[in-house]
Protein chains: 2
Amino acid sequence: MRNYYGAENKVLVAVDCIIFGFDQQEEELKLLLVKRDIPPELGKWSLMGGFMLHDETLDDAAIRVLYDLTGLRNIYMEQLRVFSKVDRDPVARTLSVAYFALINIEDHDKDLIQSYGAKWFSINRKPNLIFDHNLMVEGAIRRLRRRAASNPIGFELLPEKFTMRQLQKLYEAIYSEELDKRNFNKKINSLDVLEKLDEKDKTSSRKGSFLYRFNQEKYLRKMDDGFVFKMK
Amino acid sequence: MRNYYGAENKVLVAVDCIIFGFDQQEEELKLLLVKRDIPPELGKWSLMGGFMLHDETLDDAAIRVLYDLTGLRNIYMEQLRVFSKVDRDPVARTLSVAYFALINIEDHDKDLIQSYGAKWFSINRKPNLIFDHNLMVEGAIRRLRRRAASNPIGFELLPEKFTMRQLQKLYEAIYSEELDKRNFNKKINSLDVLEKLDEKDKTSSRKGSFLYRFNQEKYLRKMDDGFVFKMK
DNA sequence: TCAAAAGTGTTCACCGTACACCCATGG
DNA sequence: CCATGGGTGTACGGTGAACACTTTTGA
């Protein structure tokens, strides 16, 4: 059992956010990183983080940290796990709880992130990060892959309206593998959670491609009926 | 970024262990619970827990807590997630990191757990637990189901040698659904990670049923070759 | 008229599922 | 000899994977 509530084992608890965005030009998954502005490791690349305050939950803290950097609220976030190596932070005993967030890369406040010296990096060309942040990123990518296979979270990374091809490129980036567009369309259509719009996106071809929108209500109704979303 | 390393936001961090065992007589998944011996909620049922000390990781703390209760080491454990509601513990701001553990129910130190007032409960007939421990248990059961579907962790809950029927009953208990023995055998055999022994277990029938043993090396070799364990 | 991307169907192999009878043994 | 659980095979439907040609349109 708990021995007693003594103060000597209290520790600092931080949250660190792995922020994913999808770059449609380069068709790559990207990661928002900041240049650390305090010692130790000043000037090195790092995840955006902050300490949990005494009157907030970890989720609150993660939402606050994400908001401070991007100006975005109501974002898909998920707790990854706690990192607790005794010497993970050389200054003080600090636990860190990693959260990963999926944002539409077009939506965030560009001036705000610049004021933090933040930058987007392809997950394939990210710099080395401080402390155990590399581990956190690896874990987040694995989690994202698992989640994207069984939850319609991919849509969080796209604008509201998107083409089949954009969606396909996104899944290709998440899994680092090419997909067959016929099979992909068939799969997506069989899930029956998108609405096909009358509009076309003409920026990518002369013919233009139809836009789709994720229909949350349809999805939730199907879930209630025992539907299982399976992309992979 | 982190503002600064101030002491005012330090908190206590506990670990709570969801300890699963498989009761072969009753063919049920069970949970080891303790009667809380300090206020608040003295005398109520609770998960076994303890505070993380300043010189140990969370994994260390979870291993220590499990060892103190059961006398077992080298047990499969996995971090579930952190619970951080501000008022989850009425005495002090405390985070708790839930861990789940799988043990062979025959192996633990019965006197030791009795000295803690601990008892095994079927997951279907567990008492109401203190704080947010009910949530932790629900999360652990979901995680166990997912894990058992894609990792050969079921074996942690059985003795070294077991029959196909025992293994099947275990999976039935984990998923709360009945399985067809022909399909189950076929599935298990196709995975090719068990060794069939020459011995038979004669306690359950006159004919007796063959004993099997999980072959870790075989499993790891297959993993290296890109094998994917899929029970469901 | 041509270049560039969009859109669309079929075939086949494999896997999960449903289902029923004989076998070995101890009492 | 018989009751009890152990062990085994087949048929079917559904899903994932491979694969190529036609359509639209702006320049």
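From a predicted model like this one, the values you see are computed outputs, not experimental measurements. Residue numbers begin at 1 in each chain, while the letters A, B, ... track the order of the sequences.
Two residues are said to be in side-chain contact when any heavy atoms from C-beta on lie closer than 4.5 Å; Asn134(A) and Lys126(A) meet this criterion. The closest side-chain heavy-atom distance from Lys110(B) to His108(B) is below 4.5 Å.
Summary of the strand contacts: Arg182(A) and Lys202(A) both lie near DNA chain D, and taking for each the nucleotide with the nearest heavy atom, the more 5' one is attributed to Arg182(A). Map Lys196(A) and Ser205(A) each onto its nearest nucleotide of DNA chain C; the residue landing nearer the 5' end is Ser205(A).
For the pair Lys181(B) NZ and dT8(D) P, the interatomic distance rounds to 10 Å; values are reported in whole Å. In this structure, Phe210(B) atom CZ and dG6(D) atom P are separated by 13 Å, rounded to whole Å. Look at CG on Asp180(B): it is 14 Å from P on dG7(D), rounded to the nearest Å. Rounded to an integer number of Å, the gap from Arg206(B) CZ to dG5(D) P is 9 Å. Rounded to an integer number of Å, the gap from OH of Tyr175(A) to P of dA17(D) is 12 Å. Atom CZ of Phe184(B) and atom C1' of dG7(D) are 14 Å apart (whole Å). Between the CG atom of Asn183(B) and the C1' atom of dG13(D) there is a distance of 14 Å, given to the nearest Å. As a whole-Å value, the separation of Leu179(A) CG from dC19(D) P is 15 Å.
Lys186(B) comes within 4.0 angstrom of a base, heavy atoms only.
A side-chain N or O of Tyr99(A) and one of Asp59(A) form a donor-acceptor pair less than 3.5 Å apart. Side chains of Lys44(A) and Asn128(A): a donor-acceptor N/O pair is absent below 3.5 angstrom, by distance only. Checking Arg81(B) against Ser96(B) by side-chain atom types alone, no donor-acceptor pair falls below 3.5 Å.
For DNA chain C, the span of nucleotides reached by chain B at under 4.0 Å from its heavy atoms goes, 5' to 3', from dG16(C) to dG27(C).
Judged as a ring pair (Phe, Tyr, Trp, His ring centres under 6.0 Å), the pairs with a partner in residues 149-187 of chain A (not counting sequence neighbours) are, in order, Phe155(A)-Phe162(A), Phe155(A)-Phe214(A).
The residues Asp132(A) and Lys85(A) are annotated as not salt-bridged, no charged nitrogen and carboxylate oxygen being separated by less than 4.0 angstrom.
In terms of polar N and O atoms assigned as donor or acceptor, the side chain of Lys207(B) never comes within less than 3.5 Å of the base of dG7(D) in a complementary pairing.
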